[in-house]
2 protein chains.
Amino acid sequence: MISRRDFLAAVGAAGGAGAMFATMGALGLAPTAMGTPDYQPPRPSDFTLGGRAAAKVIVLGGGIAGLASAYELGKAGYDCTVLEARDVAGGRNFTVRGGTRQTDLDGRTQVGRFSDGEYMNAGPARLAQWMVTLDYCRELGIPLEVFTNVNASALIYHEGMTAPVRYRTAKADVYGYVSELLAKATDQGALDSALTSDDKQRLLAFLEDWGDIGTQHKYTGSLRRGFSVDPGAAEQRGTVLGPPPSLSDVLASGVGRHFSFELEYEQAMLMFQPVGGMDRIPAALVRAIGPARVRTGCAVTGITNGDNGVSVTYTRNGQPQRIDADYCIAAMPPHVTAKIPHNLGAGVQAALSTYHGDPVGKMGLEYRSRWWETDHRIYGGITETDLDLDHVWYPSHGYHGRRGTLIGYYNTGDHAVAYGQLTPAQREARAVAQGVRIHGDKYRTELASSFSVAWHRTPYIEGGWAIPTDAPSYRLLNEPQGRVYFAGDWLTFLVTWQAGAFASARRVVTELHERVLKS
Amino acid sequence: MISRRDFLAAVGAAGGAGAMFATMGALGLAPTAMGTPDYQPPRPSDFTLGGRAAAKVIVLGGGIAGLASAYELGKAGYDCTVLEARDVAGGRNFTVRGGTRQTDLDGRTQVGRFSDGEYMNAGPARLAQWMVTLDYCRELGIPLEVFTNVNASALIYHEGMTAPVRYRTAKADVYGYVSELLAKATDQGALDSALTSDDKQRLLAFLEDWGDIGTQHKYTGSLRRGFSVDPGAAEQRGTVLGPPPSLSDVLASGVGRHFSFELEYEQAMLMFQPVGGMDRIPAALVRAIGPARVRTGCAVTGITNGDNGVSVTYTRNGQPQRIDADYCIAAMPPHVTAKIPHNLGAGVQAALSTYHGDPVGKMGLEYRSRWWETDHRIYGGITETDLDLDHVWYPSHGYHGRRGTLIGYYNTGDHAVAYGQLTPAQREARAVAQGVRIHGDKYRTELASSFSVAWHRTPYIEGGWAIPTDAPSYRLLNEPQGRVYFAGDWLTFLVTWQAGAFASARRVVTELHERVLKS
C-alpha cells in the first residue's frame, strides 16, 4: 500500500507533513468534530425553484465512484444511466460468495464454492471511522461491525523464525527495550540538554509504566508477553512466556517494523465493515439508483464529446449500442479509459497514460473449522509476514461458527505479480504451503475451497489501484473536459480507498450540478 | 482495577514476573496454542462405568461461579440446586434493560427506562480472546461481537486541558518525541556500550518509522495526529492537525500514562462481548442447568457441615427454608459469606474476613441520538479522564442506530465511593456535568435516561470484587472445608474477571467429582 507521504510527494504537496500543518494550536486543540467539508447533495427543489431542468447524464463504470455519482444526481431527478462492463456493479468493491463467477484476462474462470454465509471481500474491506463511506452506510441503512485490523493475539512471522511470535509478545519486548535504552540515556545525563528536570522525571515515569521496566530501568520480560499456561484457579498462577530474547535479537528480528501500521490515520483501529459483505454498499446504491438504470455487461467502446452533449458507444451481448446524454462522468480506471477511443484530445490522453494499474492479489480460503480460534485463540486480526503472502487476515465475523474464510494472502508488487501468473490451483497450493509454515498442518487439512483475485489481470479493472504520479495530469483530469467529467479514487488524496471514490463523486456531482443550474 | 503484579505480590508470588518465567526459549518460541490446562467435565459414564451414583449438591450463589459449578456437575447427572438471593441469576454479570429493577442497601430503588434494544452491562463487559469465558460462549451458542476496548479516535481528557485530545494524536506525539530522544542519544554515542553497530542501525530504522521522525531524527508532527480537514478529492489534500505541542508540554500532559493499558494481557484488543448483553451467559447457563434448579429470592441464613452431608437454611419470601445435600459449593462473595452463621470453624471465618468488597460504580446513559458517532466520529472505544468519571465507554454495538447507551462512568476507589453516596439522580447530574466538559452540550441535551450501579451498595454482592490479600487465607479457602467447597474469582489468579469464576468452578467441580468417585 502506498504511503500517504509518498503520494503527497508525487502530486506535488512538497515538504511532507510539516509544510501542510495548519496553525491549529497546541495540545488539546484537536477538534473533536471531524473535518469533512460540508457537502450538499443536489435537491429537486434546486430545479423547481430555479425553473431549470435536470440533465441527462451517462456514467461510465459502475464502481463506487460511478454508482455514487448516479445516486447523488438521482436525488435531484437527473436522468442517469450507468454502463458497467462486468456482470455485477461495484467494481473493485467485489464480494465473492458461493456461485460467484469470474474470468480473468488469461481466460481462466473461477467459480466460488464458498458455503452459505461465507464470503471474501476481494477489494476494499475496511472502513476507518472518519471516512465518508460510513456516512453512506448510515444513509443507506447498511449495518456495520468491527473490522479487526489489529490483534494482539495475531502473529508475526519472518523467514528464519522457528515459530511465529504474537504481536503482544513482540510489542512487550520492543517497547521494553526501547524504554530501557531511553531510561539509561536519561539516567546517564545524555539528554540533559533536551530535557528539564521535570521532563526527565515525567519521561522516566512514562517509560517505567509503558515499557514495564520497573524502577531498575531494566527490561527483563513482562506479563504482557503472554502466558504458556494461563492464570487460573488456586495455585495456577500462570506461566509467563519467557525469558525474552536479547535486545540484539529483538532488533534483528525486525518485528518492530509492523508497529507503525496501526498508528496510520487510515489504518488505526477501530475500523468497520458492512455486516454480510462489502458489496452491501454497491447493492444498496443500485437499489437507490434504480436497478434499471445500471446496465451491466456494457463495455464502452467510444466517447465523443460535443458542443451540446456527449455520445457514448458500447457493446452489450456483442451488439454495438449508442447512448447520448447532456453530460458524461467517466468513472472507469484511468488506464482502462486510456484504451478507449475518444475525442478529448492528446493532453487528456497523455494525462490518462500517466496512470498504471498496480498488481494486487487476494485469496480467500474457506476452512471446515475455525482452528485459528479454537487452537490458537486468534479471533480476527491480521498476521504479518515477510513471505510472499504479505498479510493473512482472520475473519471479522462469524466467531465460533462452524466454518470461516481467511484471506490467505493480500499482496502487492512482485508478490502479486508472482501469484497472478499462476493458475488458481497453483496459487492455492503456494499460499497453503506458506501458511502451513505459520499455522501448522490444519492450514492444509481443514481447507474446503479457495478463490483468488489478481486485480491486475481482471478484465475492465486491470489493477488494484492506480496512483497519481504526475501533478499536472492529476489536475487536468480533475477538471471537466468539455462535457466529460472524470471520477474515481485516483483523483483524490484518498487514492486506494473506497472513500476516495465517494469523495470524487461528490465533487464531480457538485460541479456538474452547479454548471447545470447556471446553464 | 488491580494490576496482576500487585495481586501476585499480595498472594505471595514474590519476585514479580521475572521469578515466574519458565524456560520457554527465545524469540519465536511463543507457542501459538494457548495455555488453558485440559479440563475434563464430569460425564454420566463416570458413574455408570464405576458403579457409583452422582451426589446431591447445593450451590450457594447464582453468580457465574455457582451457575458454572451446577452446569458442569449437571453434565454427569449431579442433583444440583442453586440458591440465589437476588431476583435474577448472574451475580455481577448483570445487564440492565428497560424494566430492570434494583434496590440498593440504602433502600433506593431504580427501574431501568432504557429503550428496546438498549442496555448496559453493569458488571463484566469484556472478554479477552484467551479467556475460558469464550469457550463457554461457544459451548452455549452465544454469539459474540467485538468489544471496543481501545479506539484511536476516542479521547483523553485531563484537568487543565482546554479540550480533549484524541488517542491517535496523543500517541503520535508521545511516540514521536520518545523516538527523537532515543535517536538523539543513539546518534550521540551515549548508548554505544549497550548497542552494537548493527543494533544502532536497526534501532534507528525502527525509530524513524515508528516515531515518524524522518532521517533528520526530529519529531515535527505527523499525519498520524489526524486532520482538521480530511483528505478528499482533487486539491483537498487535507489539513493535518498541528503543530504538535512541545516535548515538555507533551510530557506534562500525562497522556502517555494511558498507553500501557492496551498492552496488558487482560486488556489488549481484540476483546469480545456477547451479542445482546453479557447476561446472555447466565441466561444460557440457567437454561442448561434447568430453570427449576435455580431458585432466586433465596437468601442463605446458615451453613452446617456434617459428617454425612451439609444442611443449609435460607429464607424465601420471608419464610425459613432448609435444604440438605451431600455437598455444598459456597459461591457467594467471601465478605458476604462471612456474615452468615456456619460451623466451619474460626480459621475459615478468619480467612473469609480477610476479604473486603471494593467500591465500584458504573452508570449507563441512554441518548436519543448517537452524537458521538455523527458529531465526533467516535465509533466505540473508551475515553480516559482524570475526572471522577474515570472512564467513559462508547457502545460496541448498534452503530448508526437511532439511540445508544454510553457508560457514563466506570470508577473505583474514592470516586466510586463518592458517587455511591449520592442518589441516582445526583449521580446522573454529576456525571453529566463532567461529561459535558469533554463532549459538549449534547451530553446533557440528548440524554434520555440513566441507570447506575454502586456494587458496594448492592445487596448480597456488596463490592465490585474482593481481592485476596493474605496467601494462607487464599490457600485455606481453596481447599474443601468438610463437605463445603468455596468458589469464585476471588480464589483465582483471574480475580475481578468472569473467567476467574469459571476457572474456580471447574477446579471445584473436578475436585468434588474425584472425591465422589472415590467415596
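For clarity, every value in this text was computed on a predicted model and none was experimentally measured.
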Determine the interplanar angle of the F259(A) and F206(B) rings, folded into 0 to 90°, and report it as parallel if under 30°, tilted if 30 to 60°, perpendicular if over 60°. perpendicular
Under 4.5 Å heavy-atom distance to chain A, tell me which part of R138(B) shows up: side chain, backbone, both or neither. both
Any sub-3.5 Å donor-acceptor pair from R168(A)'s side-chain atoms to M269(B)'s backbone N or O? no
Please state whether the rings of W210(A) and Y175(B) are parallel, tilted or perpendicular, taking 30° and 60° as the class boundaries. tilted
Between T148(A), T186(A), L207(A), I142(A), the one whose heavy-atom pairs under 4.5 Å with chain B are most numerous: T148(A)
Applying side-chain contact (heavy atoms from CB on, under 4.5 Å), name anything that partners E235(A), two or more places apart in sequence or on another chain. R237(A), Y474(B), R475(B)
Name the member of A268(A), S248(A), G401(A) that forms the most heavy-atom pairs with chain B at distances under 4.5 Å. S248(A)
Given that the side chain runs from C-beta out, which part of A234(B) has a heavy atom under 4.5 Å from chain A: side chain, backbone, both or neither? both
Checking heavy atoms, do the side chain of E264(B), its backbone, both or neither come under 4.5 Å from chain A? both
Residues at least two apart in sequence or cross-chain that pass ring pair (Phe, Tyr, Trp, His ring centres under 6.0 Å) with F272(B), listed by chain then number, are Y379(A), Y399(A)
Would you find a donor on one side and an acceptor on the other, under 3.5 Å apart, between the side chain of R224(B) and the backbone of E262(A)? no
Which bit of A499(B) comes within less than 4.5 Å of chain A, counting heavy atoms only: side chain, backbone, both or neither? neither
Is any side-chain heavy atom of Q236(B) less than 4.5 Å from a side-chain heavy atom of L494(A)? no
Non-hydrogen atoms of chain A under 4.5 Å away: do they reach the side chain of V508(B), the backbone, both or neither? neither
Between CG on residue L203(A) and CG on residue L251(B), distance to nearest 0.5 Å: 5.5 Å
Looking at A252(B), G254(B), A194(B), S504(B), which makes the most heavy-atom pairs under 4.5 Å with chain A? A252(B)
Is it the backbone or the side chain of L195(B) that comes under 4.5 Å from a heavy atom of chain A, or both, or neither? side chain
Checking ring pair (Phe, Tyr, Trp, His ring centres under 6.0 Å) between F227(B) and each of W130(A), F493(A), Y265(A), which is the one that passes? Y265(A)
